[in-house]
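Within every chain, numbering begins at 1; the chains are lettered A, B, ... in the order of the sequence lines, protein sequences first and strands thereafter.
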2 protein chains.
Amino acid sequence: MSLRYALIALLTAQPMTGYEVSKRFGASVGHVWHAPDSQIYPELRKLEKEGLLVGEDVPWGTKTKTRYAVTEAGRQAFREWMNAPATPHYSRDPAYLRAAYLDQADPDRARQYLVRQKEFHAERLAVLEATRELLQARTHPVLAARFEHVPPEEHDRILAFRSYAYDGMIARERATIEWIDDGLRLLDTYS
Amino acid sequence: MSLRYALIALLTAQPMTGYEVSKRFGASVGHVWHAPDSQIYPELRKLEKEGLLVGEDVPWGTKTKTRYAVTEAGRQAFREWMNAPATPHYSRDPAYLRAAYLDQADPDRARQYLVRQKEFHAERLAVLEATRELLQARTHPVLAARFEHVPPEEHDRILAFRSYAYDGMIARERATIEWIDDGLRLLDTYS
DNA sequence: TGGCAATAACTATGTCCATAGGACATCGCT
DNA sequence: AGCGATGTCCTATGGACATAGTTATTGCCA
């Protein structure tokens, strides 16, 4: 259920075609809630059918593409979702499952695995930190587009919460990397 | 794909019926990889059909229930999975999405939301810490069952990696709780 | 011994999501 | 004018997962 709100959130910055959504998604809300094209396009159409988005046909070659904009109903639905009570969420991270049974793996493979994991998380950390910089500098394209039609006195507040989300993700990545280092040390101890 | 390995891992401790699996799951591997009954029962049958588990019929009233045990093929599949290269994993936590747009929520609702989230995470933290204690004391039922048929010199190693997984989850919960506290402070600043 | 709670085992249904594509458009080059 | 690279838009398929049930058995005690 979160994808739809991620899409609405993105489209409140500015109207976009499906392709633009799918591109910008990956560099903004997508950090926070990843989704592939194959989910984005159908969901956009579904949201249009439900009246949370309006699609405007734009000529494209001999065909047309659709530019989506958020409707008032869409804004309302988003606000309701934001104001809804919290629902518990089960974390399901395969890394913990593998970690728990790392004693069963070949120690060298286990080490390779952890090193690779560390690389993934280091890369993600770098992307998150870079994006956070862009936000702080107010040059992030989606944020900049949003600021163009939002009164300046709200800018700080918006920026503060966007950054806050990134802070959480960055802290998590850092903690994960430390945890992986612990795992490598554990492997050294027990092999 | 992880559920099946979580189930195999659990069943290597001792053979169990579907019901036992679904109960014990929640107090062990389930912390690491949550799954409801409706996924567990079909997956067990699928694993049996693939030969990774054997089911033995046990009379139960006028009917029978099935007690599952891991086959050698099952152990092998598990080892292969443990030795496979790491695959990236997209984190998808609705909490970050909501956090990013908390400026859109009614401040009181936002505060309620964060407080509730904090409760969830505090509860989960308590469960994880308690389970970790049980592991350390070697009184955790699943671990105890496993130790009965595993040579004593391997006990420490197994315990170390189980604890390691819990350490990671505990660290994550602690970090999340701190992050939520930051969010509450942020709300105070901007409202 | 009849009833009721707790235990045990399982199913149905729909949505979410990942993997893997397919098809047309535009641009720059030769 | 033709060709390939890249950009744009979208689909098909199956498995994973959540929510919400159903049916049978056992134990207990009034």
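Donor-acceptor pairing under 3.5 Å is recorded for the side chains of A:His31 and A:Tyr166. For the residue pair B:Arg109/B:Gln112, the side-chain donor-acceptor check at 3.5 Å is not satisfied.
For B:Ser38 and B:Glu20, each mapped to the nucleotide of DNA chain C holding its nearest heavy atom, the one lying further toward the 5' end belongs to B:Glu20.
Distances shorter than 4.0 Å separate some side-chain N or O of B:Lys46 from OP1 or OP2 on D:dA16. Distances shorter than 4.0 Å separate some side-chain N or O of A:Arg45 from OP1 or OP2 on D:dT11. Applying the 4.0 Å criterion to OP1 and OP2 of C:dA8, one finds that B:Tyr19 has a side-chain N or O inside that range. Regarding contacts with the backbone of C:dC16, every side-chain N or O of A:Gln39 stays at 4.0 angstrom or more from both OP1 and OP2. Considering only side-chain N and O atoms, B:Arg4 lies nowhere under 4.0 angstrom from the phosphate OP1 or OP2 of D:dG15. Applying the 4.0 Å criterion to OP1 and OP2 of D:dT8, one finds that A:Arg67 has every side-chain N and O outside that range. Residue B:Thr17 places at least one side-chain N or O under 4.0 Å from the OP1 or OP2 atom of C:dA9.
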Passes ring-ring contact (aromatic ring centres under 6.0 Å, His included), B:Tyr5 versus A:Tyr101? Steps please.
CA-CA 10 Å; B:Tyr5 300 109; A:Tyr101 297 95; over 10 Å; no
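The side chain of A:Tyr41 approaches D:dT11 more closely than any other nucleotide in the set D:dT11, C:dC10, C:dT11. In this structure, of D:dA12, D:dC10, C:dA12, it is D:dC10 that holds the atom nearest to the side chain of A:Thr66. Looking at the side chain of B:Pro36, the nearest of the listed nucleotides D:dA18, C:dA18, D:dT11 is D:dA18. With D:dC17, D:dA20, C:dC17 as the choices, the nucleotide that has an atom nearest any side-chain atom of B:Trp33 turns out to be D:dC17.
A:Trp81 and A:Phe78 have tilted rings, their planes meeting at an angle from 30° to 60° on a 0 to 90° scale.
Counting non-hydrogen atoms under 4.0 angstrom, B:Ser22 reaches nothing in the nucleic acid.
When rounded to the nearest whole Å, the span between NE2 of A:His34 and C1' of C:dT19 equals 11 Å.
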